[in-house]
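Chain letters run A, B, ... following the sequence lines, proteins first, then strands; residues in each count from 1.
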Amino acid sequence: MSQREPSSIFASCCLFFVPMDGLSARATKLMKPRVLEMGGRVEDQLTVIFSGDLTQQEEDDNDVIDLEQDDERVMNPVVTHLIVARSVNSDSFLRYLGRHDISEAMIARLHVVTDGWVTDSIKKKQRLNEKDHQFPYHSVASSPALSRQATPTQSPPPPSPPLTPPDPPLPLALAASGGATVPRVPAVKMEASIPEVKMEVCSAHGGGGEEEEYHHTRPSMERNRRLAKMFKQLSSVYKAIATEPSQDFQRYRHYSRISEIVSTWPEPIESVQDLRPLRGCYGAKTDEKVNEFFRTGSSQRLAHLLSDERTKAFMEFQQIWHVGAAESNKLYRRGLRTLADVKRHPEYLSTDLQRRCLKYVEDFQKKMTRAEVEEAHQQVCSVAERLYPGELHIVLTGSYRRGDAQTKDIDFLITRHDDREVADEVNRIVDSLSHDGFMTDTLVLSPGCGFGAKSEHKSVTFYGVCRPRKGGPLRRIDMWMQHRSEYAFALLHCTGSAQFNITMRTHADKMGLQLTQHKLAKVIEATGSKQGARRSGQSRNLTHEGPPIPCETEEEIFTAMGLRYRPPPQRFHDRDFGAECHEAIAHRKLTWYWPDGGAVDSSGEPLAKRRKKDDIPRPPIVDQLLVRQQHQLQLKRERAMAAGNLKGAMMALKGA
DNA sequence: AGGCCAATACTG
DNA sequence: CAGTAT
DNA sequence: GCCT
């Protein structure tokens with residue numbers, strides 16, 4: 001501990017001065033310079049805010065701003081010492097922690113010492129033992145452990161009914177069933193009535209027994225979640241700052257994938273050993289990060305990025321819809337740094353669309369419940385029914401269909417029940433909804449609407465803004481309309497997740513196929529490299545052999561690609577998916593699956609049917625069908641319990 | 001050291 | 001065409 | 001970022 005060299009007595013120490021009783025002023029003036037010259041570091045942020053995007057960094061009055069959002073303060077991971085003024089009493093210190101959403105568990109790994117430790121160390125020119133200068137703050141549960149069992153989430157969750165409404169049937173099937181044309185969504189109000197208990201971090205010290213839920217302690221699903229979150233943050237940051245196909249872009253893709261894998265890992269990750277078999281997306285750097293996470297709960301790299309001025313600015317700018325990395329760069333070079341700066345100087349934005357979206361920033365940040373999505377669906381359906389009685393098939397897609405408890409936008413897929421071409425249905429529906437006050441803005445609307453028919457596919461894209469609930473926030477709403485023959489491909493496409501789509505299409509590529517939101521076809525030759533294509537923003541020029549492979553259902557698409565079907569809640573890039581793709585390719589190489597000659601025989605009979613005959617037995621995978629929902633319900637139960645909210649727990653149990 | 005990069009649609 | 005979006 |  002004792003160091004001779006005065007310039008290094010605070011080496012590897014990073015101090016945070018708790019701003020109470022005037023300590024911060026004293027510290028800045030007197031101690032900070034000395035600490036710095038003695039090899040230490042001083043940090044002025046104890047927590048880092050991150051919520052997928054930065055909300056305003058310092059915001060005391062966060063009344064409306066995303067109360068129950070995913071938004072989270074994580075400990076600034078570089079801090080090693082909390083310095084508290086001697087005069088502070090332990091109660092007010094605890095209240096200080098409370099105000100900043102910090103549980104005692106979160107600072108358990110830190111030295112919490114009085115300012116005397118700093119001044120004396122400086123005076124004596126050696127780093128004194130922290131033990132002798134501890135700031136006594138412990139409240140009730142300072143003897144941790146005992147309060148709860150070591151295995152918190154092991155109770156086998158009872159089987160639960162799907163959160164998702166049943167998969168949308170084929171349009172024609174519906175039409176055949178007679179009068180009831182526009183499908184009514186079953187009134188699944190269940191999850192709407194479960195109060196969204198806030199942040200487990202808070203409930204940890206609100207409730208009774210204490211879970212010292214830190215990262216190096218013991219594995220749990222909660223720890224998985226936090227690890228996934230770390231990777232998600234890394235991916236968001238790299239995405240925000242990657243202005244071109246580059247290293248950063250690859251990092252973004254990597255972290256995006258690994259985060260999805262971790263977030264859907266079906267059991268607590270015990271150690272890095274669990275992840276290491278993940279060949280292809282788990283290398284030395286990731287290993288290092290996971291280790292660091294187990295040690296410290298975060299990543300210095302991430303903390304550094306999050307506190308970097310340029311990164312912070314980019315993340316803020318990109319809360320504006322249609323502002324990406326390039327535009328952020330422009331704004332930054334003109335000296336703007338915050339969202340407020342942009343609002344003061346909207347003229348610095350390059351398009352009116354972006355300026356128009358300034359007013360949506362706050363609302364678009366907010367998530368909504370499934371109930372609200374369902375209400376929006378009802379409204380759209382009733383208008384559609386009035387305009388086109390019995391003609392349209394309208395389903396909810398996106399993360400709603402994947403079963404997420406909360407979503408950030410509302411996605412629809414619309415098809416006709418018959419084979420007629422897509423016309424101006426969407427326009428008329430949007431007009432009518434606007435008239436009703438439901439639809440409030442159009443951000444993007446494809447021009448063709450079938451008439452212009454400039455693309456070979458007859459489809460319509462609409463991105464807009466709506467207000468499903470009177471007085472509620474404005475929401476992003478997307479509607480796609482496609483021809484019935486493309487229904488399955490469109491449904492697959494707009495159900496996502498994005499990472500899942502990418503993996504599917506990459507797999508298709510490896511199988512000599514091309515998968516899009518319109519079709520699946522066998523590729524004969526490709527001109528131009530993918531890299532070249534990407535750089536110039538074009539897609540490759542692919543030549544297809546024969547007609548596209550006809551698929552009427554999503555199942556058939558999976559089958560045609562040699563994959564097992566995955567219902568929407570499983571549409572993420574998880575650890576098994578890569579392996580399964582691999583397996584499919586291996587089978588193709590054995591030639592049983594992909595007999596040369598192509599995907600479709602001359603009669604045009606779908607491959608899917610043909611293959612049924614010579615089906616080869618394949619090893620079953622563990623059925624993870626409902627893992628995701630169960631995980632979510634489990635979390636809810638835990639939070640409800642922790643908050644002592646018996647009713648909420650009952651509801652969650654009932655739902656399960 | 002250098003390749004990898006989903007596929008597509010709209011804006012300005 | 002570059003940029004952003006899905 | 002990972003892989004060859």
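- Under the 4.5 Å side-chain criterion, counting only non-hydrogen atoms from C-beta, A:F317 is not in contact with A:E327.
- At whole-Å resolution of the value, NE2 in A:H518 and C1' in C:dT6 are 12 Å apart.
- Using cut-offs of 30° and 60° for the angle between ring planes, the A:F249 and A:Y252 rings count as tilted.
- In this structure, A:L443 atom CG and C:dT6 atom C1' are separated by 13 Å, rounded to whole Å.
- Among the protein residues, A:Q247 comes within range of the nucleic acid bases, having at least one heavy atom under 4.0 Å from a base atom.
- The residue A:A508 sits apart from the nucleic acid: no heavy atom pair falls under 4.0 Å.
- Partners of A:S235 according to the side chain to side chain donor-acceptor pair (under 3.5 Å) rule, which considers only residues two or more places apart in sequence or in another chain, do not exist here.
- A distance of about 14 Å separates the P atoms of D:dT4 and B:dC5, rounded to the whole Å.
- Residues meeting the salt bridge (charged side-chain N to carboxylate O under 4.0 Å, His left out) test with A:R467, sequence neighbours left out: none.
- Candidate nucleotides C:dA5, C:dT4, B:dT8 were compared by shortest atom distance to the side chain of A:Q514, and B:dT8 ranks first.
- Considering only the side chain of A:L353, B:dG12 comes nearest among B:dG12, C:dA5, B:dC10.
- Side-chain contact between A:L491 and A:R401 is present, with heavy atoms from C-beta onward closer than 4.5 Å.
- The distance from atom CZ of A:F249 to atom P of C:dA2 is 16 Å, rounded to the nearest whole Å.
- Between the OH atom of A:Y463 and the C1' atom of C:dT4 there is a distance of 10 Å, given to the nearest Å.
- Of the candidate nucleotides C:dT6, B:dG12, C:dT4, C:dT4 has the atom lying nearest to any side-chain atom of A:H322.
- Using a 4.0 Å heavy-atom cutoff across all strands shown, A:D478 reaches sugar-phosphate atoms only and no base atom.
- Using a 4.0 Å cut-off, no side-chain N or O of A:W321 falls inside it from OP1 or OP2 of B:dC10.
- Heavy atoms of A:S350 sit nowhere under 4.0 angstrom from any nucleic acid atom.
- Listed for the A:E292 side chain is a donor-acceptor partner under 3.5 Å among the backbone atoms of A:Q300.
- With contacts defined as side-chain heavy-atom distances shorter than 4.5 Å, the pair A:D341/A:Y348 does not qualify.
- Residue-level contact check: A:Y252 touches neither bases nor backbone, having no heavy atom under 4.0 Å from any strand.
- Contacts between chain A and DNA chain D, taken as any atom within less than 4.0 angstrom of a protein heavy atom, begin and end at D:dG1 to D:dC3.
- Taking the six-membered ring where the residue is Trp, A:F314 and A:Y332 present perpendicular rings, their angle passing 60° and hence far from 30°.
- Looking at the side chain of A:Q250, the nearest of the listed nucleotides C:dT6, B:dC5, B:dC10 is B:dC5.
- B:dC5 atom P lies 22 Å from atom OH of A:Y238, rounded to whole Å.
- Using a 4.0 Å heavy-atom criterion, one finds that A:R301 contacts no nucleic acid atom at all.
- Using a 4.0 Å heavy-atom criterion, one finds that A:I258 contacts no nucleic acid atom at all.
- One interatomic measurement links the two molecules: CD of A:E244 to P of C:dC1, which rounds to 18 Å at whole-angstrom precision.
- Residue A:I502 is classed as a base contact, given a heavy-atom separation below 4.0 Å to a base.
- Taking atom CD of residue A:E486 and atom P of nucleotide B:dA9, one finds them 10 Å apart after rounding to whole Å.
- Computed from coordinates, the A:I410 CD1 to C:dT6 P distance equals 14 Å when rounded to whole Å.
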